[in-house]
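Start at 1 and go down the list; that is how both ligands and their atoms are numbered. Numbering starts at 1 and runs along the sequence shown.
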Amino acid sequence: MKQIKVDITDTLSAITRADIDAAMTEARQSLETVDTGSGAGNDFLGWNHLPSQLLADNALIERIEETAKRLAEKCKVVVCIGIGGSYLGAKAVLEALSDTFAPYRPESGHPRVIFAGQNIGEDYLYELMDYLHGKEFGIIVISKSGTTTEPAIAFRLLKDQLVKEQGAEKAAERIVAVTDAKRGALRSMSDTEGYTTFVIPDNVGGRFSVLTPVGLLPIACAGFDIRALIAGAAAMEASDQTDSLLYAATRNALYRSGKKTEILVNFCPKLHYFGEWWKQLYGESEGKDNKGIFPASVDFTTDLHSMGQWIQQGERTIFETVLSVETPEHEVVIPTDNDNLDGLNFIAGKRVDEVNKMAELGTKMAHVDGGVPNMRITIPALNETYLGQLIYFFEKAVGISGYMLGVNPFDQPGVEAYKRNMFALLAKPGYEKDTEAINARLAR
Ligand code: PA5
């Protein structure tokens with residue numbers, strides 16, 4: 001199996017080898033802290049050996065595959081309800097592996113997998129319910145806490161629609177819940193209604209949960225090979241972590257030199273949601289105690305025509321990490337045109353990817369010249385195996401990097417602040433004092 005690779009050569013315009021070597025020493029200590037479970041948040045390290053454990057215990061993979069098959073037999077559409085760590089991993093993998101214009105092929109026998117509960121958009125939900133009306137659909141509802149408002153609203157609406165259209169018994173056969181083993185409203189509702197359930201392990205936080213049923217069930221449902229995904233991650237788990245160490249060390253050395261924002265760049269639009277997944281993983285893990293690299297993401301060359309100016313000449317506090325896919329799945333050659341009215345014959349006969357790669361190289365050179373250090377992660381191809389490697393690589397690196405930064409990479413205390421205000425404003429029972437205080441504040 002080939003392996004993804006990190007290249008930090010083009011950061012050396014901003015930091016020295018000695019900076020990186022010093023950071024590598026710290027990174028190795030942080031790796032030991034992760035692997036020995038001796039740091040803050042060590043009760044959330046379940047992700048660390050998840051790939052090898054999954055491979056050793058075939059029963060869970062089989063149960064996920066059987067459930068996906070059962071849903072496929074009954075449903076043309078499966079709505080995956082969840083937010084944050086309970087949807088981004090599956091969304092990222094599905095987008096990366098699906099045909100952009102035909103993500104759903106009825107002849108494949110797999111249902112179309114779509115997402116809800118990741119926003120509170122009324123029009124989004126109206127249009128979703130309208131689309132589902134009269135269709136054979138099922139629901140995978142995912143919430144570790146079992147109490148998150150956004151997915152709970154979507155689930156209430158879609159469950160209501162499913163029961164009205166199919167009857168309670170058929171609805172219950174088409175709903176699968178992924179939640180905590182014991183706690184939360186979703187657990188008690190599942191037990192009462194008799195839904196099939198999967199458990200999110202206590203020691204795996206939401207943003208690290210893509211290799212649990214949270215990600216694996218929707219991915220299997222859409223017809224992708226979860227065994228290859230897990231095998232890719234397991235290969236990375238078994239590696240010596242050189243690449244995770246190098247990435248964590250270099251980004252921390254850059255941060256200390258004043259580069260406060262990291263932009264994750266792709267030159268392949270299928271990786272857009274991988275950037276979204278990465279932003280949650282790095283943003284929630286590191287942005288605390290008034291510290292942390294700000295994680296941003298762009299799709300190139302698209303965003304070179306919108307964000308390119310800022311990146312080239314704006315404040316010099318950024319660095320880039322490029323996800324570079326070596327080989328596309330398909331081949332498209334630019335044709336010769338006798339009239340050459342568009343002046344493009346100079347690239348006739350070349351594959352589109354050759355042009356893309358020159359755009360990538362040209363962009364890197366321009367940005368490095370403009371004061372934007374550049375790291376590059378080479379991915380041999382976009383398939384389950386390499387996505388599995390990439391997922392584990394980034395998870396491991398964020399654990400190392402968070403400890404280097406001096407934070408607990410596995411908690412997210414700041415996520416609660418908006419919820420408290422929202423519940424107070426909506427007069428949720430139990431929030432009476434907050435409601436009084438927030439209303440007084442608004443009346444001032
Ligand atoms: O990483 C996190 O903890 C969050 O983003 C959660 O994944 C998100 O809030 C969803 O939580 P839950 O799965 O409990 O509904």
Side-chain angles (χ1 to χ4, degrees), residues 40-48 50 79-93 115-121 125 139-159 175-190 195 197-219 273-288 292 295 297 391 394-399 401-402 407-423 428:
N42 55 5
D43 42 350
F44 283 97
L45 285 169
W47 57 271
N48 198 18
L50 200 55
V79 188
C80 188
I81 298 178
I83 194 166
S86 289
Y87 106 98
L88 280 166
K91 176 81 177 164
V93 172
F115 292 85
Q118 80 281 33
N119 59 53
I120 326 178
L125 286 163
I139 299 171
I140 301 172
V141 53
I142 305 171
S143 177
K144 184 160 195 249
S145 62
T147 55
T148 307
T149 310
E150 292 90 337
I153 292 172
F155 185 50
R156 180 180 279 215
L157 287 164
L158 297 190
K159 179 189 152 203
I175 294 173
V176 179
V178 184
T179 189
D180 186 84
K182 297 192 190 78
R183 290 180 299 266
L186 184 56
R187 165 54 57 192
S188 34
M189 199 191 305
S190 303
Y195 302 148
T197 61
F198 286 88
V199 169
I200 308 174
D202 272 348
N203 60 358
V204 180
R207 59 188 175 275
F208 290 86
S209 68
V210 54
L211 297 174
T212 72
V214 169
L216 297 176
L217 182 59
I219 294 166
Y273 267 94
F274 201 88
E276 299 301 311
W277 172 82
W278 173 87
K279 282 193 285 195
Q280 187 202 2
L281 184 64
Y282 279 73
E284 272 192 5
S285 298
E286 296 193 316
K288 52 196 73 161
S297 65
I391 286 167
F394 275 127
E395 288 180 349
K396 194 81 178 196
V398 84
S401 185
V407 299
N408 173 356
F410 306 115
D411 67 358
Q412 56 285 326
V415 178
E416 297 308 311
Y418 95 92
K419 293 183 191 167
R420 179 157 283 280
N421 284 345
M422 179 176 73
F423 293 148
K428 182 174 177 171

So the atoms of ligand 1 within less than 4.0 Å of a heavy atom of Ser145 turn out to be 12 (P), 14 (O), 15 (O)
Heavy-atom count around Lys419 NZ within 6.0 Å, excluding the residue itself: above 12?
yes
If only atom types and distance count, is the side chain of Thr148 paired as donor or acceptor with the main-chain N or O of Glu150 below 3.5 Å?
no
d(Lys279 NZ, Phe274 CZ) to nearest 0.5 Å is 13.0 Å
Can you list the ligand 1 atoms lying under 4.0 Å from a non-hydrogen atom of Arg207?
1 (O)
Residue and atom name of the nearest protein heavy atom (relative to atom 3 (O) of ligand 1), distance in Å to one decimal:
Gln412 CD, 3.6 Å
Which atoms of ligand 1 sit under 4.0 Å from any heavy atom of Gly85?
5 (O), 6 (C), 7 (O)
Carefully, step by step, assess Phe44 and Asn408 under the rule side chain to side chain contact (heavy atoms under 4.5 Å, CB included).
CA-CA 10 Å; Phe44 283 97; Asn408 173 356; over 6 Å; no
Lys419 N/O under 3.5 Å from ligand 1 N/O:
no
Heavy-atom donor-acceptor pair, Glu276 side chain to Leu88 backbone, under 3.5 Å
no
From Arg187 CZ over to Ile200 CD1, what is the distance, rounded to the nearest 0.5 angstrom?
10.0 Å
In ligand 1, which numbered atoms sit nearer than 4.0 Å to a non-hydrogen atom of Ser86?
7 (O), 12 (P), 13 (O)
In the protein, which heavy atom is nearest to atom 2 (C) of ligand 1, and how far is it?
Glu284 OE1, 3.2 Å
Taking only non-hydrogen atoms of Thr148 and a 4.0 Å limit, the atoms of ligand 1 in range are 11 (O), 12 (P), 14 (O), 15 (O)
Give the numbers and elements of all ligand 1 atoms closer than 4.0 Å to a heavy atom of Ile83.
7 (O), 8 (C), 10 (C)
Quick one: look up the protein heavy atom nearest atom 5 (O) of ligand 1 and list residue, atom name and how far away it is.
Gln280 NE2, 2.6 Å
Aromatic plane relationship, Phe410 with Trp47 - under 30° parallel, 30 to 60° tilted, over 60° perpendicular:
tilted
Close approach, Glu150 and ligand 1, non-hydrogen under 4.0 angstrom:
no
Residues Arg183, Asp202: salt bridge by 4.0 Å N-O rule:
yes
